[in-house]
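Because only heavy atoms are used, hydrogens play no part in the values below, and waters and symmetry mates are left out as well, while side chains stay in.
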Amino acid sequence: MADTRVQLEVEDWVRRNWMAQQYGMSFSRERLRLRSGGVFDFDAVSADQSIVATISTSGSKTSGGKNAVGKMLKLRSDMLFLTMIDAKRRIVVLTERDMCDQCEKEMQGGRVPPEIEFVCAILPDEIRTRLIAARQKASGEFA
């Protein structure tokens, strides 16, 4: 099974540092009630619950260079849950430029709910390097 510690550290950094700076408030991981009655664990919820976000560290390609269909399906699932909550802003935070570009294409093609926003968080070099190394190890590129 893949070691997800680095991805969780990246999510923590995005939530605590990047989002706090971008939006001027603190964020935490929260379980929120969905309009349908269930609950979902969101990666980042502002202190006043006006902004709810999911965070993705995935790129748009697999290690073999193919389109990352499974990763896009995960983002679509996240978008569904974002549409099922009451919030002023519903955001998908992406840490990979190629995934940002892919999601923008999806939005321009009318394949994204209009209430969903995509933002691209720029990671510090040290964190990005560790994330790339973890991804390569998980894909079997390092023995």
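Counting heavy atoms from C-beta on, the side chains of V45 and L32 come closer than 4.5 Å. Taking the side chain as every heavy atom from C-beta outward, M25 and I51 approach each other to under 4.5 Å. Counting only heavy atoms from C-beta outward, the side chains of E30 and V39 never approach each other to under 4.5 Å. Within the 4.5 Å cutoff, side-chain heavy atoms of M72 are placed close to those of E106. Within the 4.5 Å cutoff, the side chain of Q22 has no heavy atoms near those of the F27 side chain.
Salt-bridge check for E117 with R90: failed, with every basic side-chain N at 4.0 Å or more from each acidic carboxylate O. Ion pairing between D43 and R29 holds under the 4.0 Å rule for side-chain N and carboxylate O. A salt bridge between E9 and R130 is present, with a side-chain N of the basic residue lying under 4.0 Å from a carboxylate O of the acidic one.
Put simply, V112 and L80 are part of the same group of oily side chains (I, L, V, M, F, W, Y) that touch within less than 4.5 Å, one to the next. In the hydrophobic clustering of ILVMFWY residues, with side-chain heavy atoms under 4.5 Å counting as a link, L8 and L75 come out apart.
The distance from the OH atom of Y23 to the OG atom of S50 is 10.5 Å, given to the nearest 0.5 Å. How far CD1 of I132 is from CG of L123: 9.0 Å, rounded to the nearest 0.5 Å. Note that CG of L34 is 9.0 Å distant from OG1 of T83, once rounded to the nearest 0.5 Å. Atom CD of residue E11 and atom CD1 of residue I55 lie 5.5 Å apart, to the nearest 0.5 angstrom. S46 OG to K88 NZ: the interatomic distance, rounded to the nearest 0.5 Å, is 9.0 Å.
Other residues, nucleotides and ligands contribute only 12 or fewer heavy atoms inside 6.0 Å of the CZ atom of R16. With a 6.0 Å radius and a threshold of 12 heavy atoms from other residues, nucleotides or ligands, R35 has its CZ atom above the threshold.
Across all their heavy atoms, M84 and S36 have their closest contact at CE-OG, 3.0 Å.
Sorted by first and then second residue, the ring pair (Phe, Tyr, Trp, His ring centres under 6.0 Å) pairs with a member in residues 40-61 read F40-F42, F40-F81; sequence neighbours excluded.
T129 contributes a side-chain N or O that, together with a main-chain N or O of D125, makes up a donor-acceptor pair within less than 3.5 Å.
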Ignoring hydrogens and angles, write down the donor-acceptor pairs under 3.5 Å from the side chains of residues 91-98, residues two or more places apart or on other chains.
from, atom 1, to, atom 2, distance (Å)
T95, OG1, S56, O, 3.4
E96, OE1, R128, NH1, 3.2
E96, OE2, R128, NH1, 3.0
R97, NE, D101, OD1, 3.2
R97, NH2, D101, OD1, 3.1
D98, OD2, S60, N, 3.0
D98, OD2, S60, OG, 3.0

